[in-house]
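These notes concern the structure reproduced below.
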Amino acid sequence: MVEASQNARKKVAILIEDGFEDSEFKVPYTALRQAGAKVWVLGSRMNQEYRGKQGKVSIKPDGTTTEARVQDFDAVIIPGGLAPDTMRNNPNTVNFVKEAIAEDKIVAAVCHGPQVLIEADLLRDRRVTGFTSIRKDMENAGATYIDEPLAIDGTLITSRQPGDLAIFTTAILSRLMLQIPDRTLPEESDTQVEWWELAASWGGSSRSEIVEGLNTALAGERYTHEAFQHYAERTSDTALRLLLLEIVEKKASHIELLEGRLQAIGEQLFFPSVAAGALANAMSWLQSSEDIEILRRALGDIQTGMVDCYNLRTKYTDPVSTMIFTTLEQDLAESEQRLASLYQASLGMGEPQPAAPSTGVAVG
């Protein structure tokens, strides 16, 4: 085991501005402190209390990137959220990161954190990852983007989202040769590890929070599974009926994924009358069987589900649940496009187009 005195010699800077993603700060911050490292929080103003995007974390900095010296640190960490967009407008912060790369310090950025690397022109010919919404920005900056939980390119470490945080943080600890007393860290590539448990021990999502998210998605999928069956029975349009029944099958697979994950983390399943009031309201609304109205209703249900799944996949520090929410979101996006094509055709705006193959992530 690494001696505590050796751990204590490691010094890490975590960059901060208002609107940082709470878990993306808290998880590495807690883990590094547990490993005995000295963690300095660096902002742009000394006398400000910085607050996280979710309102769960607030902290005052130990210094600023103006007077801090890169050579005093072994690593620099850039959390995501809204903060990186502010960081990239601070030339002192950008220069601090640029100098850290030049001196071969470990630089680790998660989610929107690579925006600072883009600003510093540090991604050219690098193999990196980050939040999906900045993928094109990273590629335009000369990077090769990989959609994986972790990308390592020399001393540069990047990850995509809160679901990757336990793996991201383990990679940082490993490369700093830090260990946590009485804990053996898993290999970063080990897909059999329940990474959420490690993240939870560092201040990430608790089991009850993850279960709540899974049940939220499950309630939505159970409701729409039943509702779309009713829509299919009501419509007189053959193409619409076939599409609705395809979506029903896909939703059955979503329910299976969600229930499987709940069972895997030890949650006993229960089967209440999910969204019974909402379903009764939908059935009352469907007294008429006008195809255009059925289409609009189905499209609205799908779009609501997409927004919910997006919010869920960016919320929890469990990579498996995050992957399931991503699968749902991608499948719903495909269904939305196919329903929209039928809707446009029904208004005389064009012929329905064949759907592209699903890009859903395989889970199992």
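The first residue in the sequence is number 1, and the count goes up from there.
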Quiz: residues 69-79 side-chain donor-acceptor pairs under 3.5 angstrom, not counting sequence neighbours:
| residue | atom | partner | partner atom | Å |
| --- | --- | --- | --- | --- |
| Arg69 | NE | Asp72 | OD2 | 3.1 |
| Arg69 | NH2 | Asp72 | OD1 | 2.8 |
| Asp74 | OD2 | Lys11 | N | 2.8 |

Any sub-3.5 Å donor-acceptor pair from Asn95's side-chain atoms to Pro91's backbone N or O? yes
When the side chains of residues 131-138 are checked against the rest of the protein, which donor-acceptor pairs come out under 3.5 Å, sequence neighbours left out?
| residue | atom | partner | partner atom | Å |
| --- | --- | --- | --- | --- |
| Thr132 | OG1 | Arg313 | NH2 | 3.4 |
| Ser133 | OG | His112 | NE2 | 3.3 |
| Arg135 | NE | Glu139 | OE2 | 3.2 |

Please check: side-chain N/O of Thr169 versus main-chain N/O of Ala166, any donor-acceptor pairing under 3.5 Å? no
Is it the case that more than 12 heavy atoms not belonging to Arg45 sit under 6.0 Å from its CZ atom? yes
Whether Ser321 side chain and Asp318 backbone form a donor-acceptor pair below 3.5 Å: no
Regarding Thr314 and Gln161, do their side chains bring together a donor and an acceptor under 3.5 Å, going by distance alone? no
Between the side chain of Asp22 and the main-chain N/O of Lys56, is any donor-acceptor distance below 3.5 Å? yes
Return the set of residues passing side-chain hydrogen bond (donor to acceptor under 3.5 Å, both in side chains) with Trp196 (not counting sequence neighbours), or none when no residue passes. Glu194
ILVMFWY network linking Leu150 to Leu198, side-chain heavy atoms under 4.5 angstrom: yes
Looking at Pro162 and Glu24, what are the two nearest heavy atoms and their distance? CD-OE2, 3.3 Å
Quick check against the 3.5 Å criterion: does Thr224 have a side-chain atom that pairs as donor or acceptor with the backbone of Ala227? no
Min side-chain heavy-atom separation Glu336-Leu299 under 4.5 Å: yes
What do the steps show when you test His225 against Gln229 for side-chain contact (heavy atoms from CB on, under 4.5 Å), and what is the final call? CA-CA 6 Å; His225 178 263; Gln229 286 178 318; 3.8 Å; yes
Do Thr158 and Val110 have side-chain heavy atoms sitting under 4.5 Å apart? no
Test item: Cys111 and Arg160 side chains (from C-beta on) under 4.5 Å apart, heavy atoms: no
Using the rule given for salt bridge (Lys or Arg N to Asp or Glu O under 4.0 Å), can you reason through Arg175 versus Glu188, listing the C-alpha separation, both sets of side-chain angles and the distance that settles it, and then say yes or no? CA-CA 11 Å; Arg175 281 150 188 80; Glu188 300 144 16; 2.6 Å; yes
Write down the atom of Asp85, the atom of Asn89, and the distance for their closest heavy-atom approach. O-ND2, 2.8 Å
Whether the side chain of Glu103 engages the backbone of Ala100 through a donor-acceptor N/O pair (distance < 3.5 Å, no angle test) should be reported. no
Transitively linked via ILVMFWY side-chain contacts under 4.5 Å: Leu123 with Ile106? no
Would a 4.5 Å heavy-atom cut-off, applied to side chains only, mark Glu334 and Gln330 as touching? no
Do the non-hydrogen side-chain atoms of Ser23 and Gln54 ever get within less than 4.5 Å of each other? no
Can you give the donor-acceptor pairs under 3.5 Å from side chains of residues 113-122 to other protein atoms, not counting sequence neighbours?
| residue | atom | partner | partner atom | Å |
| --- | --- | --- | --- | --- |
| Glu119 | OE1 | Arg88 | NE | 3.2 |
| Glu119 | OE1 | Arg88 | NH2 | 3.4 |
| Asp121 | OD1 | Arg124 | NH2 | 3.3 |

Side chain to side chain, Val12 and Ile172, heavy atoms closer than 4.5 Å: no
Phe228, Tyr343: one ILVMFWY side-chain cluster at the under-4.5 Å cut-off? yes
Test log, rule salt bridge (Lys or Arg N to Asp or Glu O under 4.0 Å), inputs Arg207 and Glu267: CA-CA 9 Å; Arg207 178 182 177 278; Glu267 179 70 3; 3.4 Å; yes
Rounded to the nearest 0.5 Å, what separation is found between the CG atom of Leu328 and the CG atom of Asp308? 10.5 Å
Rounded distance [0.5 Å steps], CD in Gln263 versus CG in Leu214: 11.5 Å
Does Ser174 reach the main-chain N or O of Thr170 with its side chain, forming a donor-acceptor pair under 3.5 Å? no
Please find the pair of heavy atoms, one from His254 and one from Asp331, that lie closest to each other, and give the distance. NE2-OD2, 2.8 Å
Taking the side chain as every heavy atom from C-beta outward, state whether Arg338 and Leu342 have any pair of such atoms under 4.5 Å apart. no
Sequence neighbours excluded, the answer for side-chain contact (heavy atoms from CB on, under 4.5 Å) partners of Ile146 is Arg127, Thr129, Glu148, Ala151
Nearest heavy-atom pair of Thr322 and Tyr316: which atoms, and what distance? OG1-O, 3.5 Å
State, to 0.1 Å, how close Ser44 and Asn90 come at their nearest heavy-atom pair, and which atoms those are. CB-ND2, 3.2 Å
Tell me the closest heavy-atom pair linking Gly305 and Leu332, and the distance in Å. C-CD1, 3.5 Å
How about Gln48: does its CD atom have over 12 heavy atoms from other parts shown lying under 6.0 Å from it? yes
Tyr29-Ile157 co-clustered via ILVMFWY side chain contacts under 4.5 Å: yes
Begin from the C-alpha positions of Arg51 and Asp18 and carry the test salt bridge (Lys or Arg N to Asp or Glu O under 4.0 Å) through to its verdict. CA-CA 5 Å; Arg51 299 184 182 278; Asp18 268 333; over 6 Å; no
Test Lys26 against Trp202 for side-chain contact (heavy atoms from CB on, under 4.5 Å), laying out the working first. CA-CA 7 Å; Lys26 189 174 183 180; Trp202 293 333; over 6 Å; no
Would a single hydrophobic cluster contain both Leu176 and Val27, if residues Ile, Leu, Val, Met, Phe, Trp and Tyr are joined by side-chain heavy-atom contacts under 4.5 Å? yes
Spell out, as yes or no, whether a donor-acceptor pair under 3.5 Å connects the side chain of Thr155 to the backbone of Lys105. yes
Before giving the answer on side-chain contact (heavy atoms from CB on, under 4.5 Å), spell out for Leu240 and Leu339 the whole-Å C-alpha distance, their side-chain angles and the decisive distance to 0.1 Å. CA-CA 8 Å; Leu240 176 56; Leu339 284 168; 4.1 Å; yes
So, does Thr216 use its side chain to make a donor-acceptor pair with the main chain of Glu212 at under 3.5 Å? yes
Could you go through the salt bridge (Lys or Arg N to Asp or Glu O under 4.0 Å) check for Glu21 and Lys53 one step at a time? CA-CA 5 Å; Glu21 187 63 48; Lys53 177 182 171 184; 3.6 Å; yes
Is any side-chain heavy atom of Thr235 closer than 4.5 Å to a side-chain heavy atom of Leu295? no
Would Tyr231 and Arg297 count as a side-chain contact (heavy atoms from CB on, under 4.5 Å) here? Give the steps. CA-CA 9 Å; Tyr231 297 163; Arg297 182 74 180 218; 3.0 Å; yes
Got a sec, which residues hit side-chain contact (heavy atoms from CB on, under 4.5 Å) with Thr66, two or more places apart in sequence or on another chain? Thr64, Asn92
I'd like to know if the side chain of Thr317 and the backbone of Leu165 have a donor-acceptor N/O pair within less than 3.5 Å. no
